[in-house]
Amino acid sequence: MHSLRYKTMKQANYIFITGGVVSSLGKGIISASIGKLLQARGYKVTIQKFDPYINIDPGTLNPYEHGECYVTADGMETDLDLGHYERFTGIHTTRHNSITTGRIYKTVIDRERHGDYLGKTIQVVPHITDEIKRRMLREDEPNENLDFVITEVGGTIGDIESAPFMEAIRQLRWELGRRAVCVHLTYVPYLKAADELKTKPTQHSVKELQGMGIQPDILVLRTERHLDDSMRMKVASFCNVDLECVVQSEDMPSIYEVPVSMQKQGLDAAIMRKIGIPVGETPAMTSWHDFLNKQRNAKREIHIGLVGKYDLQDAYKSIRESLILAGIYNDVKTRLHFINSEEITRDNVADKLAGMAGIIICPGFGHRGIEGKIIAAEHTRTHDIPTFGICLGMQMMVIEFARNVLGYADANSAEMNPDTPHNVIDMMEEQKTITQMGGTMRLGAYDCELIKGSRARKAYGDKPLISERHRHRYEFNNAYKTEFQQKGMQCVGINPAADLVEIVEIPDKRWYIGTQFHPEYSSTVLHPHPLFMDFIKTCVIC
Ligand code: GLN
């Protein structure tokens, strides 16, 4: 064990976020909020997520299992919490910000096979915990010069599978002293019949943490009702935590209110005091407050339909947030409606899409629900309803156009029918020899040249070159490009290195654009994505 290795790093401070009682308390939002608050004080921050499952990354997980797969600019398929981190703070996360148990074990096992352990027995402690610590300390990124590393641990205290992470945190706290702070998020339920808020689950959860040798410094209590001081006092004294370090996270009308609520209760100041950093003045966070004021003042509503197959909020998380953010900057409340593409037929499409100011045709994989997406794309094209197709959504717009305008009734994607005679969407050349499924798609940011005069280029403020994130194996088949363009669907975004079509649009429609890339991954609170902005702006006018 190389115990003095952290000496080479700048003296970063480490904040560990754990969760207790139940899952889905919003640890990701609290982690992102802490990141935001420290960043507002001028600190250089990163936020990383450690997930206890065995998959190497969530890329192979069905969205029903784990929600959206978020993609970093450097092409890592990650947990959706990284989307919160980026949207709140604007930082670019990388492959080093999303770690799973599977990745930890793979590194250790690969090393063992390589003979690096020189005959030693490889054990959870110290070999697995050492690898966890190494990654928690971000030793693969030695030149980051960070002031704070925030590490969120997935799962709930007491889970068997997160025990090695807890042991790593226990050791790091001991080794780093005041430079490590533990924030534990728990739940305080309200029992209606007794008309009482109950702190016992929190006490048990903290005991569990203490049993692993970790004394939390700060407790964040999720609650649906306001907790008065006596309640906080009770938690403080039962859990050995200072009163000022017991903060509450009440239900908020929007997740973007959370940083402000945490700041009001002094969460960032409490962290700094624990570490021993002078607290100084509370930052004004003017642009964040301007954004919140816009959100509170937006009265008019617009309705946007998400045509997709995953009937689960988290499956299209970044798209949802991007639409909400773009709405706020256009002074409207965006109401999102999931429209299950498996249920869309020619007979009911008009009813299913009725009342929608705009339609998103969602990304996805596989055959299920695609015919409904194609019918929806035809309806919105022929009725000139603003439509934004993303990845698979763009591919479905292309197929619809091929079938109904170019006259190729059997047009399809090679993904759905490898033998289709009109493969207007085909597998990328580089993908044809790939047999491994995990992490092998075209992933991450690639350049895209925008054609002058196009709607897409205008949306980007007339920029000639952009860079956007991808996650796909199939692409627009260039053999059909001239035909599409002659009949009115233009290829207006091209990857210069591989000549791949990245954006299609029909210029004589109000807004009919499909992107092979995922703009939703790079839309943030302070910088909403230009395509979502332009789409919503058009929907508002229509
Ligand atoms: N299944 C399609 C492809 O692999 C689209 C992927 C997506 O929507 N992310 O190209």
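All ligand and atom numbering here is 1-based and tracks the order in the structure.
In terms of protein heavy-atom proximity, atom 4 (O) of ligand 1 is nearest to Arg473 N, 3.0 Å. Shortest contact from atom 5 (C) of ligand 1 to any protein heavy atom: Gly364 O, 3.3 Å.
Electrostatic pairing of Arg457 and Glu505 does not count as a salt bridge here, judged by no charged N lying under 4.0 Å from a carboxylate O. Salt-bridge formation is detected for the pair Arg335/Glu301: a Lys NZ or Arg NE/NH1/NH2 atom is positioned less than 4.0 Å from an Asp or Glu carboxylate oxygen.
In this structure, Tyr14 has its ring center no closer than 6.0 Å to that of Phe148.
Counting atoms of ligand 1 from 1 in the listed order, those under 4.0 Å from a heavy atom of Arg471 are 6 (C), 7 (C), 9 (N). Below 4.0 Å from some heavy atom of Pro363 lie the following atoms of ligand 1, by number and element: 8 (O). Ligand-side atoms of ligand 1 in range of His518: 9 (N), range being under 4.0 angstrom from any heavy atom. With ligand atoms numbered from 1 in the order given, ligand 1 contributes 3 (C), 4 (O), 10 (O) to contacts under 4.0 Å with heavy atoms of His472. Below 4.0 Å from some heavy atom of Glu415 lie the following atoms of ligand 1, by number and element: 1 (N), 2 (C), 3 (C).
Asn97 places a side-chain N or O within donor-acceptor distance of the main-chain N or O of Thr94, the cut-off being under 3.5 Å. Arg300 places a side-chain N or O within donor-acceptor distance of the main-chain N or O of Val540, the cut-off being under 3.5 Å.
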List, one per line, each side-chain donor-acceptor pair under 3.5 Å for residues 24-34, sequence neighbours excluded.
unit_1	atom_1	unit_2	atom_2	d
Lys27	NZ	Val153	O	2.8
Lys27	NZ	Gly155	O	2.6
Ser31	OG	Lys27	O	2.8
Ser33	OG	Ile29	O	2.7

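Contact annotation: Met441 has no heavy atom less than 4.0 Å from any atom of ligand 1.
Checking only distances, Cys391 never comes within under 3.5 Å of ligand 1, N or O to N or O. In terms of polar-atom proximity, Tyr474 is counted as a contact of ligand 1, with an N or O under 3.5 Å from an N or O of the ligand. For ligand 1, the polar-atom distance check finds an N/O of Gln395 within less than 3.5 Å of one of the ligand's N/O atoms. By the 3.5 Å distance cut-off applied to N or O atoms, Leu392 is counted among the residues near ligand 1.
Atoms OG1 and NZ, from Thr100 and Lys106 in turn, are 11.0 Å apart once rounded to the nearest 0.5 Å.
Of the heavy atoms in Glu475, none comes closer than 4.0 Å to ligand 1.
Each of Arg403, Arg346, Lys373 was checked for a salt bridge (Lys or Arg N to Asp or Glu O under 4.0 Å) with Glu378, and the lone residue meeting it is Arg346.
With sequence neighbours excluded, no residue forms a side chain to side chain donor-acceptor pair (under 3.5 Å) with Asp57.
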